[in-house]
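Each remark here refers to the structure printed beneath this line.
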Number of protein chains: 2
Amino acid sequence: MAKTDNVLALSPTPLYSQIREILRQRILDGTYQPHQQMPSESELIKAFSVSRITVRQALGDLQRAGLVFKIHGKGTYVSKPKAFQNIGQLQGFGEAMSRMGYETFSQVVSIKTLAAGKTVGAKLQVKEREQITELRRLRYLNRAPISLDVTYVPKAIGERLAKEDLEHRDIFLILENDYGLSLGQAEMQIEAMLADEPLARLLKVEEGSPVLRIERLTFTHDGQPLDYEHLYYRGDAFQYRLRIERGHL
Amino acid sequence: MAKTDNVLALSPTPLYSQIREILRQRILDGTYQPHQQMPSESELIKAFSVSRITVRQALGDLQRAGLVFKIHGKGTYVSKPKAFQNIGQLQGFGEAMSRMGYETFSQVVSIKTLAAGKTVGAKLQVKEREQITELRRLRYLNRAPISLDVTYVPKAIGERLAKEDLEHRDIFLILENDYGLSLGQAEMQIEAMLADEPLARLLKVEEGSPVLRIERLTFTHDGQPLDYEHLYYRGDAFQYRLRIERGHL
DNA sequence: CTCCATAACTTGTAATGACATGTCACAATT
DNA sequence: AATTGTGACATGTCATTACAAGTTATGGAG
């Protein structure tokens, strides 16, 4: 018999991900203290009655998530807790903020259907004359305006989005949960600029104030460009935070 | 006999990483075209005479690197080539720029040894009164000033660094290659601000110009904070680019 | 012709076994 | 006392086997 009977075995989620979550829990609740050694692979094998492959898959995920690190020949250790744990993953604005306990909502400024034009067309890979939807939203954090988001999506999606509750729901989550489009990756450019008059008025800052401008092109899992955004954040109220890894490939 | 004889077998690098690099090469040189299906796992097993575990490890690396994506039940596909491929990894400035064919050098403005103080001490996890090294450099891209870098490192490292060729070599690469410190991850915050007078003079821009301010704390592989930097980039000449993934954990 | 079961693929998960390699402590040797 | 093995234990790599689960084409039943 290949598969051993196991208390966890009848569950629908894979064994390694269950173990990963159990270990994650123990790290977060302090059962395994930062910078302390985790149980060795062979101990975990005995503890969970699984094979080494399964244990290694769980630990590998945790390592890639930045919760533990391994030293060849010594063991696996809990990372020091990081303020930014997990950031550096593609998240919508509300998604990221609500995770941190902030209250957000979005005010829809305008929804227009217009020709893609050269720039947007190139990004979304549609013809210049093809129609796309432009969605402008003002985003509020704790009731203060913090950013202007200009979103371009193909017309078909834009028309569906127009009927959604865009004030409270994240576009990313609508696309994924309601439309079944699985988002894969995004390319971003971040730069600094000065607020011109119309932008300053919307963000309730002085003209010439510093603004963080983020251009983001989001792709579906299979590489289709889906959502092209220009985000203008108040420089005095927002920092973009991320955690990055030094690659080992 | 467990291990099959294999043409690749006597090499010092692991099999899966050799196969990964071969496949990466074939993707980059167009042998496998974007959005086309890769050879299936069983075909790769036959082609390289290795086990499925090895093939999957190679493909998994490529997937995490964003070069391919998999669809359960269908196959593995080549991703569309991305302008930003691989960015989102921790790189030094020169490291990133020279990869793109730009010429850079750094002018050392000052090197001081001083007390850490509250902020820097907290980041580098040393006592407030402990001595650290502050290194100020003006970085040039194609002979135009593009950023001011203020770097804080523990005194012991700062004293060694002071003797290095900081004009042309990347600090990250010195730390890794010469000092054997393996860098793991970094936390960054990016914000927009206005150039004050001294900064404007250094960057040769007008006072009040937009500046991208990046605060970056870099850790060694085992989580020790090692290098705390404030980077001030000319807003008109620099965009921070990265590619991020939507997490699947 | 339509519908549906099925076979033949694909990738995903998991167990078991083996050997390689890095680390460290302790004992034996010099 | 300093050095050098050597063994115990950690993670790293790899092979083999088995079954689960998603996808697609095909062929037979209605």
Side-chain angles (χ1 to χ4, degrees), chain A residues 1-21 23 32 36-64 68-79 180 182 221-222 248-249, chain B residues 1-21 23 32 36-64 68-79 180 182 221-222 248-249:
Chain A
M1 176 161 78
K3 287 201 184 176
T4 309
D5 287 301
N6 190 298
V7 272
L8 309 170
L10 33 104
S11 164
T13 66
L15 258 178
Y16 72 87
S17 84
Q18 295 177 51
I19 292 172
R20 183 224 303 144
E21 293 311 316
L23 295 178
Y32 303 140
Q36 290 314 110
Q37 189 163 359
M38 299 272 295
S40 75
E41 293 178 356
S42 50
E43 287 172 311
L44 292 173
I45 289 169
K46 270 180 255 163
F48 291 106
S49 302
V50 298
S51 76
R52 190 164 167 224
I53 268 193
T54 306
V55 165
R56 282 182 63 79
Q57 200 150 358
L59 288 175
D61 281 355
L62 291 175
Q63 180 181 34
R64 278 184 289 275
V68 306
F69 60 96
K70 298 176 172 186
I71 301 180
H72 187 174
K74 292 190 69 176
T76 303
Y77 298 83
V78 180
S79 299
S182 80
H221 191 264
D222 64 349
H248 299 286
L249 297 193
Chain B
M1 176 160 84
K3 287 204 182 173
T4 310
D5 286 301
N6 192 298
V7 272
L8 309 171
L10 32 105
S11 164
T13 65
L15 259 177
Y16 71 88
S17 86
Q18 295 177 51
I19 292 172
R20 183 223 303 143
E21 292 311 315
L23 295 178
Y32 303 140
Q36 289 315 111
Q37 189 163 359
M38 297 273 293
S40 74
E41 293 179 355
S42 50
E43 286 172 312
L44 292 172
I45 288 168
K46 271 179 255 165
F48 290 108
S49 302
V50 297
S51 76
R52 192 164 166 224
I53 262 192
T54 306
V55 166
R56 282 181 64 78
Q57 198 149 358
L59 287 175
D61 282 354
L62 291 174
Q63 179 180 34
R64 279 184 287 274
V68 305
F69 61 96
K70 299 175 173 188
I71 301 179
H72 187 176
K74 291 190 69 175
T76 303
Y77 298 83
V78 180
S79 299
S182 80
H221 190 264
D222 65 347
H248 297 286
L249 296 192

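These numbers were taken from a predicted model, which means no experiment stands behind them. Letters go in sequence order (proteins before strands), and every chain restarts at 1. Any value given below was found using the heavy atoms of this structure, including those in side chains, with hydrogens, waters and symmetry copies removed.
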| request: Return the 5'-most residue of the pair B:Ile53, B:Lys74 with respect to DNA chain C, ranking by each residue's nearest nucleotide. | output: B:Lys74
| query | Taking only residues two or more places apart in sequence or in another chain, which ones pass ring pair (Phe, Tyr, Trp, His ring centres under 6.0 Å) with B:Tyr77? | reply | B:Phe69
Length of the line joining [X]:[atom1] and [N]:[atom2], which is rounded to integer Å:
| X | N | atom1 | atom2 | answer |
| --- | --- | --- | --- | --- |
| B:Phe69 | C:dT10 | CZ | C1' | 14 Å |
| B:Leu44 | C:dT10 | CG | P | 11 Å |
| B:Asp61 | D:dC14 | CG | C1' | 15 Å |
| A:Glu43 | D:dT11 | CD | C1' | 13 Å |
| B:Arg56 | D:dT16 | CZ | P | 17 Å |
| A:Gln57 | C:dT13 | CD | P | 6 Å |
| A:Gln37 | D:dC9 | CD | P | 13 Å |
| A:Leu59 | C:dA14 | CG | C1' | 16 Å |

| Closer than 4.0 Å, any side-chain N/O of A:Thr54 to the OP1 or OP2 of C:dA15? | yes
| field | B:Ser51 side-chain N/O to D:dC14 phosphate OP1/OP2 under 4.0 Å | value | no
| request: Determine the minimum heavy-atom distance between A:Thr13 and A:Gln18, stating which atoms define it. | output: O-NE2, 2.7 Å
| Which pair of non-hydrogen atoms, one from B:Tyr16 and one from B:Ala58, has the smallest distance, and what is that distance? | O-CB, 3.4 Å
| What nucleic acid atoms does A:Ile71 come within less than 4.0 Å of, heavy atoms only: base, sugar-phosphate, or nothing? | sugar-phosphate
| query | Is there a side-chain contact between A:Leu23 and A:Val68 (heavy atoms, below 4.5 Å)? | reply | no
| query | Below 4.5 Å, heavy atoms only, C-beta onward: do A:Thr54 and A:Gln57 meet side chain to side chain? | reply | no
Close N/O contacts between protein and nucleotides 3-9 of chain C (under 3.5 Å):
none

| said: From the set C:dT11, D:dT13, D:dA10, return the single nucleotide nearest to any side-chain atom of B:His72. | reply: C:dT11
| request: List for me each residue that meets side chain to side chain donor-acceptor pair (under 3.5 Å) alongside B:Ser17, sequence neighbours excluded, and say none if there are none. | output: none
| remark: Rounded to the nearest 0.5 angstrom, the NZ-CG distance for B:Lys70 and B:Leu62 is 9.0 Å
| Any N/O donor-acceptor pair, B:Arg52 side-chain to D:dT17 base, under 3.5 Å | no
